[in-house]
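A short worksheet on the structure shown next.
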2 protein chains.
Amino acid sequence: MNSRRAKSDGDGDRPVISRRRISESTIRRLSIYYRALSALEGEGYHTVSSKDLARREKLTPAQVRKDLSFFGSFGTRGLGYPTKELKTRIAAILGVDQTWNVGLIGAGNIGSALVSYKEFQKQGFVINAIFDNDQRKIGSNHKGIVISDIKDLAAEVKKRNIQIVVIAVPAAAAQQACDVAVEAGIKAILNFAPINLKVPNGVTLRTENMAMEIEYLSFTLTNHMRPIPT
Amino acid sequence: MNSRRAKSDGDGDRPVISRRRISESTIRRLSIYYRALSALEGEGYHTVSSKDLARREKLTPAQVRKDLSFFGSFGTRGLGYPTKELKTRIAAILGVDQTWNVGLIGAGNIGSALVSYKEFQKQGFVINAIFDNDQRKIGSNHKGIVISDIKDLAAEVKKRNIQIVVIAVPAAAAQQACDVAVEAGIKAILNFAPINLKVPNGVTLRTENMAMEIEYLSFTLTNHMRPIPT
DNA sequence: TAATATTCGTGAATGAATTCACGACGTGCC
DNA sequence: GGCACGTCGTGAATTCATTCACGAATATTA
């Protein structure tokens with residue numbers, strides 16, 4: 001049994017991110033830079049150096065420069081980066097310069113919290129459909145959004161042009177919810193259930209496992225380790 | 001006759017960690033193994049091989065073995081790992097074989113959701129104090145827990161032996177909440193505010209940034225990248 | 001018991017990410 | 001202009017993480 005990783009995407013070879021493979025860490029840091037730049041802009045800074053940015057977010061100047069260099073040359077030697085313009089550029093790279101329609105599966109505790117989560121809205125992620133399979137919830141109004149039957153997900157996805165689905169159902173129901181979303185053609189899923197979901201090639205899945213983070217804390221407390229900052 | 005060099009007589013079988021630096025990724029995977037083992041135990045497996053575990057969680061067998069080897073030799077050659085015992089061992093390493101008292105700052109949407117989050121309770125993380133600075137909320141009862149004034153945090157931490165604090169307040173108030181917790185002697189903080197908090201040495205901070213995860217999705221959609229599984 | 005099949009544990013090899021170090025370029029001052 | 005200084009952009013060096021590969025130990029079967 002040859003279990004070497006098959007490169008089975010031979011069919012439609014997409015123009016994968018033109019240049020090089022960008023590491024996950026780099027993308028995460030872009031989010032960090034983006035937030036920092038928003039703050040710096042508010043504080044009135046017109047330019048910012050890699051050193052400033054690094055100190056502010058506890059990174060190294062070299063890393064900031066290297067990360068940004070994957071996407072272009074945005075800085076001016078001797079001066080730094082233009083705050084506002086860099087923010088705009090990063091927004092375009094991350095895709096937060098547009099509005100994304102988000103569908104939420106699960107109208108429970110976490111789901112409800114996400115509907116009101118300001119940070120999502122601020123970045124252009126708009127939840128405009130909620131799905132559940134509980135007949136008592138279906139039809140009721142939640143923060144201005146009527147809760148739909150999950151059976152109607154495919155139809156709603158099409159009607160509302162939903163591009164991202166957030167799964168906030170119990171672990172036992174998560175895979176099924178995921179399958180429904182995939183079946184409807186969704187290519188990006190954010191999962192809050194503490195379980196490893198299976199998705200086909202071509203679908204991006206991110207799992208937000210809150211239990212994992214708190215277990216990390218319990219590990220450091222238990223082992224009296226020197227803490228590792230985020 | 002021992003052909004291989006005998007283990008250096010010094011640290012032959014030390015169960016204690018701290019020798020080598022354990023990487024963050026390894027700790028995260030321990031959480032994954034722990035959850036997988038719980039499931040496998042429920043499914044009736046008495047033993048599990050690194051291969052099984054790896055396939056189940058989309059990792060490699062070598063990585064599973066390497067991760068576990070940092071903490072000891074738990075397996076039996078030719079057979080695999082004893083499911084139940086390994087689970088117990090990992091629980092001890094992660095510190096989820098005990099109850100942790102958790103204080104929650106912020107009785108808003110996210111805070112409320114966390115109080116009801118089953119996975120926390122299941123792993124022994126018990127929220128037994130809630131703090132807020134909104135006078136209208138203070139004194140009211142939330143799922144059986146009376147909401148306290150954040151001014152009383154230090155006293156409650158002592159009284160209830162709280163070891164972990166979860167911050168679920170708006171970004172603008174997060175650093176202040178964090179400072180109060182640190183001042184009260186808390187050594188482990190889980191932060192849900194989308195901001196980089198400053199903590200002194202000796203305090204472990206983990207930040208759960210949900211916006212960052214959804215931005216990752218928007219990045220992949222924007223750049224038509226090949227998805228990277230969680 | 002002996003022969004074969006599994007699977008662990010781990011040093012070595014490889015690969016990936018981070019940091020270093022320096023040339024190039026721009027600013028600001030005299 | 002000329003000089004001193006600051007900062008970017010990036011190949012090279014380094015550090016860190018993952019995977020390979022194989023000996024040792026155990027299970028299984030005949």
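From a predicted model like this one, the values you see are computed outputs, not experimental measurements. By convention in this document, chain letters (A, B, ...) are assigned in the order of the sequence lines, proteins followed by strands, and residues within each chain are numbered from 1. Every heavy atom of this structure was used, including side-chain atoms; hydrogens, water molecules and symmetry mates were not.
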Below 4.0 Å: OP1/OP2 of C/dC8 and any side-chain N or O of B/Ser50: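 For C/dC8, OP1/OP2 do have a side-chain N/O of B/Ser50 under 4.0 Å.
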Presence of B/Tyr81 side-chain N/O under 4.0 Å of C/dT6 phosphate oxygens OP1/OP2: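 Checking B/Tyr81 against C/dT6: no side-chain N or O falls below 4.0 Å of OP1 or OP2.
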Side-chain H-bond candidate by donor/acceptor type, B/Asp179 with B/Gln175, under 3.5 Å: yes
Nearest whole angstrom, please: distance from the [atom2] of [N] to the [atom1] of [X].
| X | N | atom1 | atom2 | value |
| --- | --- | --- | --- | --- |
| B/Leu53 | C/dT6 | CG | C1' | 17 Å |
| B/Asp52 | C/dT6 | CG | C1' | 12 Å |
| A/Phe74 | D/dG9 | CZ | P | 9 Å |

Test item: A/Asn196 and B/Lys58 side chains (from C-beta on) under 4.5 Å apart, heavy atoms: yes
Whether B/Tyr216 and B/Phe219 hold their rings parallel, tilted or perpendicular, with breakpoints at 30° and 60°: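 Aromatic pair B/Tyr216/B/Phe219 classed tilted.
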Shortest non-hydrogen contact between B/Ile195 and B/Asn191, atoms and distance: O-ND2, 3.3 Å
Straight-line distance of A/Leu221 CG to B/Lys187 NZ, nearest 0.5 Å: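 A/Leu221 atom CG to B/Lys187 atom NZ measures 10.0 Å (nearest 0.5 Å).
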Side-chain donor/acceptor of A/Thr83 to backbone N/O of A/Thr47, under 3.5 Å: yes
Check: B/Gly80 main-chain N/O paired with B/Ser49 side-chain donor or acceptor under 3.5 Å: no
Pairing residues for B/Tyr34 by the ring-ring contact (aromatic ring centres under 6.0 Å, His included) criterion, not counting sequence neighbours: none
Under 4.0 Å protein heavy-atom contact, by nucleotide of nucleotides 24-30 of chain C - B base, S sugar-phosphate only: BBS----
Where protein sits on nucleotides 13-20 of chain C, one letter per nucleotide: B base, S sugar-phosphate only, - none, heavy atoms under 4.0 Å: ----SSBB
